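First the structure, in the form of structure tokens, and then the observations on it.
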Amino acid sequence: MLRGTCRMMIMVVVGFLSATPVTAQQQDVNRTTIVDWDITGTLQKLDELPEAAALDVIDIPDEERNAARAVLDRRRAETQRSVRTHMRRAVDLLEAARTADESDDETDAAALREEADAFRERLRHGSHTTQLVDMIGQEVSADAARALRAEVRAYWRAVVKDARLIPAPNETYMDARDEAIAREQDRLLVVEIDSVIDEYAATLYKAGTELFDTLELNNDQRATIDAIFAEAPEPDLTVARRDQQRDQYVRTFTALEDRQSQQAFIARLTDLMEVASEER
């Protein structure tokens with residue numbers, strides 16, 4: 001199977017740079033709080049929204065838990081639509097996060113904040129955590145809402161504590177606290193967007209695999225098409241690269257030779273493009 005070719009085709013259709021995934025943390029099934037400090041006294045940052053993590057540790061009836069999950073599922077679907085509609089901005093956010101993570105330069109941190117704020121403007125559901133808490137609170141009992149809010153507040157207090165704040169000159173403690181919270185909100189946004197893109201890429205990978213599996217290529221055609229895509233460097237978002245990608249499609253079409261294979265290629269490529277643009 002043309003795994004290398006499929007991978008390249010998928011990246012062509014998606015049109016974004018792959019970002020280093022955020023490593024998921026192991027969650028202890030016996031945990032009773034989402035606030036977890038390691039032996040060095042460092043807060044173990046969440047790899048999901050605090051509200052989602054809190055639902056795994058608070059004691060509420062299954063019916064209410066399901067109602068809360070439905071709110072989170074709707075948010076997830078809205079995030080997916082926003083990412084697919086503004087894929088370039090999502091890629092810019094991930095790249096800014098990668099640069100900031102590899103650098104201590106405040107300019108890079110400021111660039112990440114700018115990209116995070118720009119993407120938030122495009123989210124259909126808003127981004128402030130208390131808004132999500134309130135949305136969930138409307139679907140569950142008062143006791144469940146209080147328990148959820150308590151966990152989420154505890155996490156944000158821990159974020160501030162973990163920052164070990166020393167206000168800069170001309171900065172108040174409140175300013176430093178708000179900055180610590182904003183940095184963690186940015187990180188959680190990156191985690192969320194990265195997860196959505198990862199799922200999206202998996203969907204496209206499956207579609208791309210089917211594209212070549214259904215063509216029933218002979219060995220010579222497989223070798224030719226592999227060579228076409230092997231020539232190119234990793235995909236990027238430049239105009240020159242997109243022109244090169246179009247050339248790859250034309251050369252692939254020609255390499256198929258017979259009309260039946262060419263028609264099948266166009267049909268499957270059309271299906272793949274529809275997958276890439278769904279819910280835009």
Side-chain angles (χ1 to χ4, degrees), residues 18-60 65 68-69 71-72 75-76 79 90 93-113 115-117 119-120 127-133 136 144-168 171-199:
S18 61
T20 302
V22 179
T23 302
Q25 300 171 2
Q26 283 296 110
Q27 296 295 324
D28 184 349
V29 296
N30 296 318
R31 286 179 62 182
T32 58
T33 178
I34 64 175
V35 177
D36 185 18
W37 304 90
D38 67 15
I39 59 175
T40 67
T42 300
L43 178 65
Q44 299 301 286
K45 300 293 181 62
L46 295 173
D47 60 358
E48 60 182 337
L49 295 172
E51 294 80 2
L55 283 177
D56 292 333
V57 300
I58 62 176
D59 184 17
I60 61 175
R65 193 183 307 278
R69 286 290 178 194
V71 174
L72 292 171
R75 176 193 166 97
R76 180 74 171 188
T79 300
L93 172 59
L94 294 184
E95 288 301 299
R98 179 191 298 176
T99 300
D101 187 55
E102 297 173 349
S103 168
D104 294 328
D105 193 329
E106 286 299 318
T107 301
D108 293 327
L112 172 57
R113 175 64 44 76
E115 289 297 338
D117 288 343
F119 194 83
R120 285 190 180 98
S127 59
H128 198 280
T129 54
T130 54
Q131 293 179 349
L132 184 56
V133 166
I136 295 174
R146 278 193 293 270
L148 184 72
R149 288 191 179 94
E151 277 296 322
V152 172
R153 289 195 194 103
Y155 182 73
W156 290 112
R157 285 196 298 268
V159 167
V160 173
K161 180 180 178 181
D162 186 59
R164 297 172 175 82
L165 300 177
I166 301 177
E171 181 183 48
T172 68
Y173 175 83
M174 296 297 287
D175 290 335
R177 184 204 66 173
D178 291 345
E179 175 64 19
I181 291 174
R183 284 178 181 268
E184 176 62 2
Q185 288 176 332
D186 289 348
R187 189 192 69 83
L188 286 170
L189 177 63
V190 170
V191 170
E192 187 177 10
I193 300 308
D194 184 63
S195 174
V196 167
I197 290 180
D198 194 43
E199 289 180 358

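Residue numbers start at 1 and run along the sequence shown. These numbers come from a predicted model, not from an experiment. Computed from heavy atoms alone, side chains included, the values below leave out hydrogens, waters and symmetry copies.
Atom NZ of Lys161 and atom CG of Leu43 lie 10.0 Å apart (nearest 0.5 Å). Note that CZ of Arg113 and CD of Gln185 are 8.5 Å apart. Values are rounded to the nearest 0.5 Å. Between the CG atom in Asp194 and the CG atom in Leu189 there is a gap of 11.0 Å [rounded to 0.5 Å]. Within the model, atoms CE of Met174 and CG of Leu165 stand 11.0 Å from one another, a figure rounded to the nearest 0.5 Å. In this structure, CD on Glu192 lies 4.5 Å from CZ on Arg75, to the nearest 0.5 angstrom. Expressed to the nearest 0.5 Å, how far CG of Asp47 lies from CG of Leu188 amounts to 9.5 Å.
The pair Arg98-Asp108 does not count as a salt bridge, with every side-chain nitrogen at least 4.0 angstrom from each carboxylate oxygen. At a threshold of 4.0 Å, the pair Arg164-Asp162 counts as salt-bridged, since one of the basic side-chain nitrogens sits closer than that to a carboxylate oxygen. A salt bridge is absent between Asp101 and Arg187; no separation between the charged side-chain nitrogens and carboxylate oxygens falls under 4.0 Å.
Contacts of Asp178 classified as side-chain hydrogen bond (donor to acceptor under 3.5 Å, both in side chains), with partners at least two apart in sequence or in another chain: none.
A side-chain N or O of Thr172 and one of Asp175 form a donor-acceptor pair less than 3.5 Å apart.
Here the closest heavy-atom approach between residue Ile197 and residue Ala90 is recorded as CD1-CB, 4.0 Å. Taking each heavy atom of Val159 and Ala180 in turn, the nearest pair found is CG1-O, 3.8 Å. For Trp156 against Ile181, the heavy-atom pair with the smallest separation is CZ3-O, 3.7 Å. Nearest heavy atom pair, residue Ala68 against residue Ile136, reads CB-CG2, 3.6 Å. Taking both residues in full, the closest heavy atoms of Asp186 and Ala116 are given as OD1-CB, 3.4 Å, listed atom of the first, atom of the second, then distance. Taking both residues in full, the closest heavy atoms of Ala52 and Leu72 are given as CA-CD1, 3.7 Å, listed atom of the first, atom of the second, then distance.
The shortest side-chain heavy-atom distance between Ile34 and Asp56 does not fall under the 4.5 Å cut-off. You'll find the side chain of Glu51 stays beyond 4.5 Å of the side chain of Glu151, heavy atoms only. Side-chain contact between Val152 and Leu132 is absent, with no heavy atoms from C-beta onward closer than 4.5 Å. Contact of the Arg76 side chain with the Ser195 side chain is registered, since non-hydrogen atoms from C-beta on lie closer than 4.5 Å. You'll find the side chain of Tyr173 reaches within 4.5 Å of the side chain of Val160, heavy atoms only. Two residues are said to be in side-chain contact when any heavy atoms from C-beta on lie closer than 4.5 Å; Arg183 and Leu112 fail this criterion.
The backbone N or O of Glu95 sits less than 3.5 Å from a side-chain atom of Thr99, completing a donor-acceptor pair. Tyr155 contributes a side-chain N or O that, together with a main-chain N or O of Leu46, makes up a donor-acceptor pair within less than 3.5 Å.
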